S.K.: 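Dumping the structure here so I can ask a few things about it.
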Amino acid sequence: MSNPAPKPAPSQSNFIRQRIEADLASGKVKAVKTRFPPEPNGYLHLGHAKSILLNFGLAREYGGSCNLRFDDTNPEKEEQEYVDSIIESVKWLVPEFDGKALFASDYFDFMYRCAEYLVSSGNAYVDSQSADEMKRSRGDFTYPGTDSPFRSRSAEENLMLLREMRDGKHADGAHVLRAKISMTSPNINMRDPALYRIKRTTHHRTGDKWCIYPMYTYAHPIEDAVEGITHSLCTLEFEDQRPFYDWLLRKLADGGLLQQPLPQQIEFARLQLTYVLLSKRLLIKLVEDKVVEGWDDPRMPTLSGARRRGHTPEGFRKFAERVGVSKENSWINYSVLEDCMRQHLDEVAPRRFAVLDPLKLVIENYPEGQEEMMEAPNHPKKPEMGKRTMPFSRELWIEREDFKETPEPKYFRLFPGNKVRLRFGYVIECIGYDKATNTVRAKYLPETRSGTPGADSVKVKGNIHWVSVKHAHQAEIRIYDRLFKGEKPQGQDDLNPGSLGRIRAQLEPGLAAPEAVVVQFERHGYFAPDRSGFSRTVTLRDAWQ
RNA sequence: UGGGGCGUCGCCAAGCUGGUCUAAGGCACCGGAUUUUGAUUCCGGCAUUCCUAGGUUCGAAUCCUAGCGCCCCAGCCA
């Protein structure tokens, strides 16, 4: 009681929060309950991250809870492998997630009972038209549909047929259970939508128990209601489905099968990122065609790929906050995601030296055989992150970019006659370049050793990193570029052939055994230890050129 | 074409029970300061205008009318 509740970070107002707050204030809803309902037919991608963070975030923010629920109503497309990867990704992204997964298939019995109720109460019927006939009689945008010749079957006949369907007495496609609403509704989704179809397929969880499976349209509202979901968030394309969502729930509640308060569907705009393709169909194809190494290839826009790439949950949270939620069909620049990752990584990544494009430098007045240990902080602003030491010697690797025989204007790194600081080491002066050995020649100024009183006696503008040739640890570094070259890629034709680059780099010795999830190679960017090498997560911002 | 949505700065996005809007905030961008990462941080600048045209009103991004533009729906997919 003593301490005032910690003030939550002020969240950006949005239409969903407003709805929730109104429902809470009016007493319509006691506690917020949301859900994230993926279909286990692929790996989670960046678009899902927005939805996951939205649903779990809202629940946390309003002291409610959020379920991970698999929408496994189509056994033909769904697999256990996907279930496992999805659970793992959600766990990774949302620390407070308890790892418990729910399944639509656990409600199949109840859904079936609801179906029998709808039939008995005259709200559903078994249609025996072919798929093609159904399509034709549905009408189109300009013409109303026409009633199926089977629409007026008696409740008894419908019930009998439905049970036969359930018991596997009919072939796939022979019949379908439909809601009896109106074939003339201007909303095509209300023209007697299908509820159950016959699919004599083995389900990854219920096995061969069922011969009929509910449609998403029918199953989803029931799943929400059974779990006591208060706010069912989905993407814009389901907006036209909402009247049916409400219709179904009301019928079932009238029949005493569901309790108030009933869940309400709220739609928001899905994430669209430039240079990224988030279609599951295409992602599956990239994996199958081996265009990438797998679902977790660091170039993939999947969460498992992002993780290997070095992207972090905290970065994603910043991203979700930054892009907000609305009904506006917007495109987010990919650079926004990168910037969010940079922002988080800047705070937590230990700094290290890595020479990605090595050029040899010899300090001619530095005694051969001499070695010194140079101390460098792990983070420029966080002394609590400690320090590490690096061996310094006469021959060093420096970045090819950091030396120019003939510098362009405003270039302030190494060139003949110029002085530069070897970061956390000495100030050196370039005295030439030996073409025969491809070596930069320099002399050092002994009194300028970092951390000593004379360190600042010589002012220099440039600061470059280095690695002792004798002590360097070599490793492969994967440099990733965008997987697609177009700003709004359409498909595989837009793949960027240069999305993967491999280089051999010279690293400070401690990097032989990296402890951090992501480190910063100073002046380069953030890199994630990955498979005996490193994956470049994202570069540092660079105002030079 | 019928229905459903959306249109506020380069990109997001508040505001939309009308006045406090000559429109919040973030990102980007442009200056400038600090800096042993040309990074980070810091400070300053950045829509007389809210898709368009009318109307209501003392007063409109907010209300009304008519247009225009974009997205979604005609799976026994989700």
Side-chain angles (χ1 to χ4, degrees), chain A residues 10 12-15 37-39 41 71-74 76-78 127 129-132 134-136 138-145 172-178 184-191 193-199 212-213 215-217 219-220 234-243 267 269 274 280 318 321-333 335-336 339-340 342-343 346-347 351 353 376-377 379-381 410-413 420-425 427 448 450-451 455-456 459-465 520-525 539-545:
Chain A
Q12 166 94 40
S13 166
N14 67 48
F15 73 107
E39 182 188 15
N41 67 344
D71 229 328
D72 53 348
T73 58
N74 186 353
E76 282 168 2
K77 295 185 177 175
E78 299 152 6
D127 195 347
Q129 294 184 102
S130 68
D132 197 51
M134 257 180 75
K135 180 184 168 73
R136 265 182 276 122
R138 186 156 27 233
D140 63 16
F141 296 154
T142 33
Y143 292 97
D172 287 17
H175 309 282
V176 47
L177 183 72
R178 289 232 254 175
T184 58
S185 170
N187 179 350
I188 291 178
N189 297 291
M190 291 298 267
R191 319 243 259 230
L195 270 27
Y196 267 98
R197 73 289 216 188
I198 302 172
K199 251 186 216 295
I212 55 173
Y213 291 95
M215 301 284 293
Y216 159 86
T217 319
H220 207 87
C234 62
T235 43
L236 256 27
E237 67 270 27
F238 293 105
E239 223 152 9
D240 294 334
Q241 215 92 95
R242 194 169 65 231
E267 312 83 13
T274 58
K280 272 191 198 173
K318 279 179 199 294
E321 279 165 32
R322 220 187 257 189
V323 303
V325 207
S326 74
K327 301 188 73 158
E328 176 85 38
N329 223 304
S330 56
W331 282 83
I332 308 297
N333 288 125
S335 60
V336 173
D339 193 63
C340 289
R342 248 183 225 122
Q343 214 176 311
D346 176 57
E347 293 169 26
R351 311 293 132 122
F353 279 0
H379 190 110
K381 290 183 187 165
K410 292 189 184 163
Y411 183 86
F412 53 67
R413 278 113 91 176
V420 99
R421 172 170 292 280
L422 290 172
R423 198 158 154 73
F424 307 126
V427 170
T448 62
S450 285
D456 294 328
K459 294 285 181 198
V460 291
K461 188 108 191 284
N463 244 290
I464 67 174
H465 60 278
Q520 183 195 95
F521 290 169
E522 294 207 31
R523 306 206 299 133
H524 283 302
T539 61
L540 248 30
R541 290 178 51 170
D542 186 5
W544 165 246
Q545 289 187 337

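All values below were derived from every heavy atom in this structure, side-chain atoms included, with hydrogens, water molecules and symmetry-related copies excluded. Residue numbering restarts at 1 for every chain, and letters A, B, ... go by the order of the sequence lines. Since the model is a prediction, treat every value here as computed from it, not as a measurement.
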S.K.: For the side chain of A/S13, starting at C-beta, report the closest nucleotide among B/G15, B/U37, B/A13.
M.R.: B/G15

S.K.: Is the distance from OP1 or OP2 of B/A28 to the nearest side-chain N or O of A/R322 less than 4.0 Å?
M.R.: no

S.K.: With rounding to whole Å, what would you report as the distance between B/U48 and B/A66 at their P atoms?
M.R.: 30 Å

S.K.: Given the P atoms of B/A61 and B/C9, what is the spacing between them in whole Å?
M.R.: 15 Å

S.K.: Counting only Watson-Crick pairs (N1-N3 plus N6-O4 or O6-N4) and G-U wobbles (N1-O2, O6-N3), all under 3.5 Å, who is the partner of B/C77?
M.R.: none

S.K.: Looking for any heavy atom pair under 4.0 Å, which part of the strands does A/P144 touch: base, sugar-phosphate only, or nothing?
M.R.: nothing

S.K.: If you check the A/L540 side chain, which of B/U36, B/A13, B/U37 turns out closest?
M.R.: B/U37

S.K.: Measuring from the side chain of A/K199 (C-beta onward, heavy atoms only), which nucleotide among B/C77, B/U36, B/A28 has the closest atom?
M.R.: B/C77

S.K.: In this structure, how many angstroms lie between the C1' atom of B/G75 and the CE atom of A/M134, rounded?
M.R.: 9 Å

S.K.: Taking only the side-chain heavy atoms of A/I188 (C-beta and beyond), determine which of B/U37, B/C73, B/A24 contains the nearest atom.
M.R.: B/C73

S.K.: Side-chain donor-acceptor pair under 3.5 Å between A/E328 and A/S330, yes or no?
M.R.: no

S.K.: In Watson-Crick or G-U wobble terms, both distances under 3.5 Å, what is the partner of B/U37?
M.R.: none

S.K.: Using a heavy-atom cut-off of under 4.0 Å over every strand shown, decide if A/R178 touches base, sugar-phosphate, or nothing.
M.R.: nothing

S.K.: Any strand counts, and the cut-off is 3.5 Å on both contacts for Watson-Crick or G-U wobble. Which nucleotide pairs with B/U48?
M.R.: none

S.K.: With respect to the phosphate group of B/C27, does any side-chain polar atom (N or O) of A/S335 fall under 4.0 Å of OP1 or OP2?
M.R.: no

S.K.: Between B/C63 and B/G15, how far is it from one P atom to the other, in whole Å?
M.R.: 13 Å

S.K.: Among B/U37, B/C77, B/U40, find the nucleotide with the atom closest to the side chain of A/N74.
M.R.: B/C77

S.K.: Reckon A/A131 touches a base, only the sugar-phosphate, or nothing at all at heavy-atom distances under 4.0 Å?
M.R.: base

S.K.: What is the distance, rounded to the nearest whole Å, between atom OH of A/Y216 and atom C1' of B/C77?
M.R.: 11 Å

S.K.: Is there a donor and acceptor pair, one atom on the side chain of A/R541 and one on the base of B/G38, closer than 3.5 Å?
M.R.: no

S.K.: Can A/D346 and A/R342 be counted as an ion pair, charged N to O under 4.0 angstrom?
M.R.: no

S.K.: Under 4.0 Å between any heavy atoms, over every strand shown, what does A/V325 touch: base, sugar-phosphate, or nothing? Just pick one.
M.R.: sugar-phosphate

S.K.: Quick one: sort the A/F353 and A/F424 rings into parallel, tilted or perpendicular, breaks at 30° and 60°.
M.R.: parallel

S.K.: At under 4.0 Å between heavy atoms, what does A/M215 touch on the DNA or RNA strands: base, sugar-phosphate, or nothing?
M.R.: sugar-phosphate

S.K.: About how many Å separate CG of A/D127 and CG of A/L195, when rounded to the nearest 0.5 Å?
M.R.: 12.0 Å

S.K.: Salt bridge or not for A/E39 and A/K77, using N-O below 4.0 Å?
M.R.: no

S.K.: Phosphate oxygens OP1/OP2 of B/C12: is one of them under 4.0 Å from a side-chain N or O of A/S326?
M.R.: no

S.K.: If you pin A/E522 and A/R242 to their nearest nucleotides in RNA chain B, which one's is more 5'?
M.R.: A/R242

S.K.: Just how far is it from atom NE2 of A/H220 to atom CE of A/M215, taken to the nearest 0.5 Å?
M.R.: 14.0 Å

S.K.: Which nucleotide, B/A74, B/G38, B/A78, lies nearest any side-chain atom of A/R138?
M.R.: B/A74

S.K.: Is the base of B/U40 touched by the side chain of A/E347 through a donor-acceptor pair closer than 3.5 angstrom?
M.R.: no

S.K.: Is the phosphate of B/U37, meaning OP1 or OP2, less than 4.0 Å from a side-chain N or O of A/R421?
M.R.: no

S.K.: Between B/A74 and B/G19, how far apart are the two C1' atoms, rounded to whole Å?
M.R.: 48 Å

S.K.: Taking any strand in view, what nucleotide pairs with B/C70 in a Watson-Crick or G-U wobble way, both distances under 3.5 Å?
M.R.: B/G5

S.K.: According to the Watson-Crick and G-U wobble definitions, with both distances under 3.5 Å, which nucleotide is paired to B/C42?
M.R.: B/G32

S.K.: Decide side chain to side chain contact (heavy atoms under 4.5 Å, CB included) for A/V427 and A/V420; before the verdict, give the C-alpha distance in whole Å, the side-chain angles of both, and the deciding distance to 0.1 Å.
M.R.: CA-CA 6 Å; A/V427 170; A/V420 99; over 6 Å; no

S.K.: Taking B/G2 as the reference, what is the distance to B/G10 when you measure between their P atoms (whole Å, please)?
M.R.: 34 Å

S.K.: Classify A/D140 by what it touches in the nucleic acid, base, sugar-phosphate, or nothing, heavy-atom distance under 4.0 Å.
M.R.: base

S.K.: Take atom P in B/U8 and the same atom in B/A14, then report the distance between them in whole Å.
M.R.: 11 Å

S.K.: Does the base of B/A13 carry an N or O that pairs as donor and acceptor with the side chain of A/E321 under 3.5 Å?
M.R.: no

S.K.: Check every atom of B/G26, B/U36, B/C72 against the side chain of A/D456 and return the nucleotide holding the closest atom.
M.R.: B/U36

S.K.: Could you state the interatomic distance from CG (A/N41) to CG (A/N74), rounded to the nearest 0.5 Å?
M.R.: 8.5 Å

S.K.: I want to check one thing: is the phosphate of B/G38, taken as OP1 and OP2, less than 4.0 Å away from some side-chain N or O of A/R523?
M.R.: yes

S.K.: Determine if the base of B/G75 is syn or anti; take syn to mean the glycosidic torsion is within 90° of 0.
M.R.: syn

S.K.: What integer number of Å spans the P atoms of B/C29 and B/C11?
M.R.: 15 Å

S.K.: Near A/F15 CZ, under 6.0 Å, is it more than 12 heavy atoms from other residues, nucleotides or ligands?
M.R.: yes

S.K.: Which part of the nucleic acid, if any, lies within contact of A/D172, taking any heavy atom under 4.0 Å across all strands shown: a base, the sugar-phosphate backbone alone, or nothing?
M.R.: nothing

S.K.: Atom CG of A/D339 and atom C1' of B/A28: how far apart are they, to the nearest Å?
M.R.: 9 Å

S.K.: Within the modelled atom types, does a donor on one side and an acceptor on the other bring the side chain of A/E78 and the base of B/A78 under 3.5 Å apart?
M.R.: no

S.K.: Any side-chain N or O of A/R197 below 4.0 angstrom from OP1/OP2 of B/C77?
M.R.: yes

S.K.: Contact class for A/N333 (heavy atom, under 4.0 Å): base, sugar-phosphate, or nothing?
M.R.: sugar-phosphate

S.K.: Assign A/F412 to base, sugar-phosphate, or nothing according to its heavy-atom contacts below 4.0 angstrom with the strands shown.
M.R.: base

S.K.: Using a 4.0 Å heavy-atom cut-off, does A/K135 contact any base of the nucleic acid, only the sugar-phosphate backbone, or nothing at all?
M.R.: sugar-phosphate

S.K.: Where the side chain of A/Y411 is concerned, which of B/C27, B/G38, B/C76 is the nearest nucleotide?
M.R.: B/G38

S.K.: Suppose you measure atom P in B/C42 against the same atom in B/C27; what distance do you get, rounded to whole Å?
M.R.: 10 Å

S.K.: Just how far is it from atom CG of A/D339 to atom CZ of A/R541, taken to the nearest 0.5 Å?
M.R.: 6.5 Å

S.K.: If you only use heavy atoms from C-beta on, which nucleotide in B/A39, B/G3, B/G38 is closest to the side chain of A/N187?
M.R.: B/G3

S.K.: Return the 5'-most residue of the pair A/D542, A/E239 with respect to RNA chain B, ranking by each residue's nearest nucleotide.
M.R.: A/E239

S.K.: Closest approach to the side chain of A/F141, judged atom by atom: which nucleotide of B/U1, B/U37, B/A14 is it?
M.R.: B/U1

